[in-house]
Amino acid sequence: MSKTKIIDKILDGLTYLGLILITLSVLLPLTWIVLSSMQVGNSLYSSTFLPKSLTLDHYKALFSKTDFPIWYMNTLKIATLNMILGVIITTLTAYTFSRYKFRGRKQAMIGMLVLQMFPSFLAMTAIYILITKMGLMDTHAGLLMVYIAGQIPYNSWLVKGYFDGIPKSLDEAARVDGAGHLTIFIKIIMPITKPIVVFVALTNFIGPWFDFIFPKLLLRSAEKKTLAVGIFEWISSRANDNFTQFAAASILIAVPIAVLFMYLQKHIVAGLSAGATKG
Amino acid sequence: MNREKRSMLLSCLFMGLGQLYNKYFLKGIVLFIIELLYLIKIPRIIKGIWGVVTLGETTQKMNGFQIIQGDHSVFLLIEGVVTIIMLFILLGLYIWNIKDAKRIGHEMDNCKSYMSTKQYLIKVYDRSFVSIMLTPATLGVLFFILLPIMVTVLVAFTNYSAPDHIPPRNLVDWVGFKNFIDIFKLKIWSKTFIKIGSWTVIWAALSTLLNYSCGLIMALMMNRKNIKFKGFWRTIFILPYAVPAFISLLVFRLLFSGIGPINNLIVSFGFDKIPFFTDPLLAKVSLILINTWLGAPYFMVLLSGSLTNISSSIYEAAEIDGASKWVQFRKITLPLLLFQTAPVLILTFAYNFNNFGAIYLLTNGSPTNSALRYAGETDILITWIFKLTNDQSQFYMAAVISIILFIFIASFSTYQFMKSKSFTEEDMM
């Protein structure tokens with residue numbers, strides 16, 4: 001065997017070693033949670049890595065004894081509405097900016113760009129006051145408004161960049177055939193732009209599952225809370241008492257989102273890099 | 001006097017008169033009514049301006065057991081800002097109204113095409129598509145982005161904070177640039193700001209660097225020719241990216257906590273507990289490492305894509321020239337990858353700079369440090385702002401720090417934007 005071949009073999013061996021180490025570091029925390037969710041008892045202390053017997057009681061308890069189902073439905077509702085309304089407003093805005101030349105267009109685009117740089121949560125104080133003043137404190141409507149408005153500048157720019165890449169001759173041809181504004185948008189533009197629309201829909205759907213800042217700021221009563229806030233409060237107040245329940249809840253949240261994520265990961269990566277290069 | 005001048009003067013006098021004079025009835029009446037509405041609201045406009053100038057004059061008083069409501073400074077501030085926005089809209093409309101009257105008058109003077117109301121309505125319908133489409137976005141941006149930003153900027157110039165200036169019990173006053181001077185001059189504020197600020201930069205830079213290099217190592221491993229089960233490894237490695245971050249962060253918080261299973265294991269081997277989150281330095285190291293666990297998979301996916309895009313002919317040429325694998329990596333792979341992914345690196349840095357979730361969920365800023373004002377050792381600027389707002393009601397300092405942070409982010413994003421395609425392609429600036 002030549003010298004380079006030996007080095008190659010050694011590198012292969014090291015690579016496998018590395019791959020296995022990374023796999024372990026990825027799987028151990030996740031396995032720990034899966035096993036903990038099926039462990040008898042409820043404490044963090046007793047969680048030896050391999051439980052002696054397995055049970056599904058914690059999952060049952062989640063639905064019968066805790067606010068978990070309410071939080072889940074709240075989050076699902078907010079996420080779905082945020083996705084639908086966000087996609088409608090964002091694509092219509094982006095379409096208008098991409099296809100119509102109207103007075104003030106350029107100024108509006110520059111304005112949005114500047115606003116995009118001011119992360120909406122930096123204006124937390126003001127949003128808090130504003131929502132109070134509008135009488136939307138502790139309502140999902142208020143939270144939704146903040147979410148939907150907050151995503152407009154960035155996502156509109158992103159989608160507009162994508163729309164710009166679609167030849168205008170397509171919609172001009174349709175216009176000659178007598179199609180109206182909305183028909184062109186729905187029948188011609190939307191189908192071609194599926195990847196970017198899926199990306200925006202997905203980010204708008206997933207956002208509310210992860211966000212703490214605004215729900216914690218704007219939602220007060222227990223039956224209005226979202227998952228992220230509710231579960232965080234379990235952990236920070238009594239981690240040790242309902243640890244196994246936390247694990248079960250985590251599984252119920254993580255699995256659907258992870259499946260969705262893996263299924264659509266190509267769109268996510270493509271969308272992220274589109275956003276990166278197109279500003 | 002010609003029609004152009006007359007219609008201009010009429011429109012200056014009262015909005016819409018010029019248009020009415022030129023028989024553009026619909027447009028004229030709409031403009032006329034708008035000005036009328038503003039005129040009716042003059043008392044409110046004056047009150048709005050008064051509110052934003054004085055921030056209220058009467059404090060809440062107790063009359064026996066009865067509370068007599070005073071002025072609510074912060075509500076007055078917001079009403080004032082809304083009034084100012086409305087006035088600016090009026091001003092814009094007024095200027096447009098005069099220009100429009102002048103243009104129509106000019107057209108009629110020169111007997112060029114006179115647009116009938118019907119033609120005008122058709123044009124309006126066509127144009128109104130744009131307006132209708134943009135209305136929701138405009139309203140949303142105006143009320144939930146622009147207005148809050150304006151209020152935040154203004155709050156930075158007041159003393160809105162607990163315990164002495166919280167409405168409705170007390171009034172808030174304008175203090176000018178005092179807060180901006182204080183944050184640099186008052187020792188407790190400047191010390192905290194510098195400490196938190198520098199840790200924020202270190203945190204964002206190291207996180208980004210580690211995420212990138214670990215992602216790169218993973219991508220390179222996956223990219224080796226002889227490696228089997230590539231799909232299997234890839235699926236596993238993507239898992240941290242697919243599990244909701246707040247779940248994995250909470251899991252790590254428990255795993256590494258003082259009573260957590262990792263410390264249990266260490267104790268069962270006869271060693272002392274490791275203070276992962278309670279020792280200042282160790283807490284920072286743990287944070288960065290855990291963030292790498294979360295962030296590296298994204299870079300692995302991204303960089304695997306970029307790696308396959310590099311044409312193999314470059315490597316073949318290098319091989320012929322006798323370049324070793326290491327040299328090939330350093331001179332070909334790395335520069336090409338960095339070139340392609342520079343925007344993503346900048347975005348990741350900016351993201352980590354404001355990575356609220358990672359800090360808040362893992363340590364919530366602990367361990368505490370009494371030398372810092374309302375902040376712990378591992379707080380970054382954004383979690384500090386959150387604490388100042390949510391826990392401490394120090395709204396004015398939160399606003400000041402937000403503005404400083406914004407200037408930083410804005411210059412960063414502008415730099416990134418200047419390099420991006422849309423800047424050159426849109427030919428708009």
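Protein chains get the first letters and strands the later ones, always in sequence-line order, with residue 1 at the start of each.
Interface remark: Ile131(A) contributes side-chain atoms only to the contact with chain B (heavy atom separation under 4.5 Å). Of the two parts of Asp211(A), neither the backbone nor the side chain holds a non-hydrogen atom closer than 4.5 Å to a non-hydrogen atom of chain B. For Ile78(B), the part lying under 4.5 angstrom from a heavy atom of chain A is the side chain only. For Tyr100(A), the part lying under 4.5 angstrom from a heavy atom of chain B is the side chain only. Within the 4.5 angstrom heavy-atom criterion, only side-chain atoms of Ile152(A), from C-beta onward, approach chain B.
Interface summary for chain B: among Leu217(A), Thr90(A), Leu182(A), Ile88(A), the most heavy-atom pairs under 4.5 angstrom belong to Leu182(A). For the set Lys325(B), Lys225(B), Lys228(B), the entry with the most heavy-atom pairs within less than 4.5 Å of chain A is Lys228(B). When the candidates Leu92(A), Leu14(A), Thr96(A) are compared by the number of heavy-atom contacts under 4.5 Å with chain B, Thr96(A) comes out ahead. Between chain B and the options Thr132(A), Leu11(A), Ile7(A), Val146(A), heavy-atom pairs under 4.5 Å are most frequent for Leu11(A).
Judged by distance alone, with hydrogens and angles left aside, the side-chain atoms of Gln151(A) form a donor-acceptor pair with the main-chain N or O of Ile148(A) at under 3.5 Å.
The line from CD1 of Ile401(B) to OG1 of Thr152(B) is 12.5 Å long, rounded to the nearest 0.5 Å.
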Do any side-chain atoms of residues 17-28 of chain A form donor-acceptor pairs under 3.5 angstrom with protein atoms, and if so which ones, sequence neighbours left out?
unit_1: Thr23(A); atom_1: OG1; unit_2: Leu19(A); atom_2: O; d: 2.6
unit_1: Ser25(A); atom_1: OG; unit_2: Ile22(A); atom_2: O; d: 2.9

